[in-house]
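Report on the following structure.
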Amino acid sequence: MANDASAVFDTLSPAVSNGSLADPFTPPADSSLWRKNFLLGAATASYQIEGAVNEDGRLPSIWDTFSATPGKVLAGDTGAVACDHYHRWEADVEMLASLGLEGYRLSIAWPRVMGAAGLPNRKGLDFYKRLLSRLKEKGITTSVTLYHWDLPQHLEDRGGWLNRDTAYRFADYADLMSRELAGTVDAWATLNEPWCSAYLGYGNGHHAPGLANDRFATQAMHHLLLAHGLAIPVLRANDPASQKGIVANIGRGTPNSDSAADQRAAHLFEVQHNAWILDPLLKGAYPQDLFELWPGTEPLVLDGDMQTISAPLDFLGINYYFRTNVASDGAHGFRDVPLEGVERTQMGWEVYPDGLRDLLTGFKRTYHNLPPIYITENGMASDDKVIDGHVDDTQRISFLKRHLAAVDQAIKAGVDIRGYFLWSLMDNFEWAFGYERRFGVVHIDYSTQKRTVKRSAELVAKFLKERKARV
Ligand code: FCB
């Protein structure tokens with residue numbers, strides 16, 4: 001594997017240095033992206049890349065169970081092998097470093113590092129210790145997400161996020177991780193996308209654990225946010241020098257017409273996708289409109305919970321992918337009205353960079369205490385093929401350029417955005433869509449595990465090299 005990686009970079013460098021690589025990516029001279037302290041990195045998540053699900057004492061997660069259930073994941077794919085990153089991590093770090101990426105956002109698999117009785121699993125912990133130390137040796141900024149959806153199955157067996165106790169178990173896990181890994185983590189994010197865990201996991205059942213009930217979704221969300229709030233002071237106590245935050249996915253909803261009903265539908269869409277998470281975190285209260293959308297689903301909230309949840313954050317991680325055009329459903333809610341003739345990705349998601357800018361500037365107006373922001377995920381899937389040793393992912397290059405321009409516009413409009421992690425470093429297990437959807441800037445051949453740097457990654461590397469060389 002080490003040989004594979006160096007071969008890739010032997011071919012990359014001449015093309016970059018002799019200028020023969022066409023460059024539809026490099027941001028314009030006045031872009032804030034040229035600022036050296038604007039962190040540019042890539043992200044991954046444990047279950048999507050690691051594989052080795054039965055090794056070194058790792059316990060099953062809800063995604064092992066869910067993906068092994070017929071009909072839940074496209075083509076019956078599972079994360080059992082994925083990108084085999086658990087064994088190939090050294091070459092993968094080399095690859096990251098050779099691309100000049102300055103930051104790496106990864107997640108820890110909770111079932112790999114903690115046994116059912118709450119005791120540490122040393123072998124699993126050592127994996128992350130080695131990985132994080134190597135990243136630091138390479139000068140890469142480390143952003144670690146504690147929970148990117150792989151809940152230990154034994155906790156799901158006791159109710160998962162419907163059980164308040166899971167929030168306390170999460171705080172224990174955060175305690176163990178921050179005691180063990182302090183000094184190697186620049187930024188801790190408690191949760192990745194609680195909306196997906198709560199709504200897709202417990203509200204519509206598209207994700208693990210596959211339950212479908214709106215009341216479950218609001219209660220799961222409350223326990224997820226509580227878990228976050230309980231973990232923040234623990235992380236602060238154990239690892240004071242690092243940044244602490246959370247990662248939320250945000251969605252742009254636009255009205256299908258000027259009618260008051262459609263405007264209201266778009267508002268409710270954004271309440272359901274954004275305010276449901278951001279209001280409790282930044283205002284200490286759930287948005288009441290949410291319960292207009294889902295009457296009778298108020299979660300059980302105990303005294304003090306909202307204060308715990310709204311503890312100050314050092315940063316807010318934002319994941320953005322697309323917008324949804326909506327109309328009133330004629331009752332309390334909204335329905336999707338897909339626009340025709342717009343650019344879409346392999347996921348069918350509309351390419352809509354303005355949505356990122358508009359949401360960020362909107363949040364700045366809505367939340368007076370909006371913390372500094374990192375874009376912790378943005379990217380797209382395409383049906384990439386290796387041809388003559390290269391992957392020409394032209395749509396992705398243009399996608400990244402346009403979204404980075406949207407970030408620049410938001411910065412110029414006064415939003416404090418400190419960095420951007422593209423999703424993803426490499427093609428990986430895309431949850432319910434398995435391996436068919438390729439989000440990486442590095443291509444994975446799943447039959448050989450060969451990594452091939454796509455054109456997009458070469459151009460990002462070229463830009464970073466130029467930025468670094470500037471005085
Ligand atoms: C986000 C997830 C990430 C990846 C992208 C495409 O919702 O956080 O793991 O699947 O979508």
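Worth knowing before you read on, the calculation uses all heavy atoms, side chains too, and leaves out hydrogens, waters and symmetry mates. Every number for a ligand or one of its atoms is a count from 1 in the order of the listing.
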Less than 3.5 Å apart, N/O on ligand 1 and N/O on the protein: could you list those pairs with the distances?
residue	atom	partner	partner atom	Å
ligand 1	7 (O)	E193	OE1	2.5
ligand 1	7 (O)	E193	OE2	3.0
ligand 1	8 (O)	H148	NE2	3.2
ligand 1	8 (O)	N192	ND2	2.9
ligand 1	8 (O)	E193	OE1	3.3
ligand 1	8 (O)	E193	OE2	3.3
ligand 1	8 (O)	E377	OE1	3.1
ligand 1	8 (O)	E377	OE2	2.9
ligand 1	9 (O)	Q48	OE1	2.7
ligand 1	9 (O)	H148	NE2	2.8
ligand 1	9 (O)	W431	NE1	3.0
ligand 1	10 (O)	Q48	NE2	3.4
ligand 1	10 (O)	E430	OE1	2.7
ligand 1	10 (O)	E430	OE2	3.2
ligand 1	10 (O)	W431	NE1	2.9

Kindly determine whether D64 and S61 satisfy side-chain hydrogen bond (donor to acceptor under 3.5 Å, both in side chains), including the steps that lead there. CA-CA 5 Å; D64 297 292; S61 79; 3.0 Å; yes
side-chain hydrogen bond (donor to acceptor under 3.5 Å, both in side chains) for T452 and K450? Distances and angles first, verdict last. CA-CA 7 Å; T452 303; K450 182 174 168 54; 4.7 Å; no
Which donor-acceptor pairs under 3.5 Å do side chains of residues 265-272 form with protein atoms, sequence neighbours excluded?
residue	atom	partner	partner atom	Å
H267	NE2	D289	OD2	2.7
E270	OE1	R252	NH1	3.4
E270	OE2	R252	NH1	2.8
E270	OE2	G253	N	2.9
Q272	OE1	W195	NE1	2.8

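Aromatic rings from W294 and W276 are positioned such that their centres are separated by under 6.0 Å. For Y86 and F127, the gap between ring centers is short of 6.0 Å.
Residue V391 forms a side chain to side chain contact (heavy atoms under 4.5 Å, CB included) with just one option from K385, R396, H443, R438, and that option is H443.
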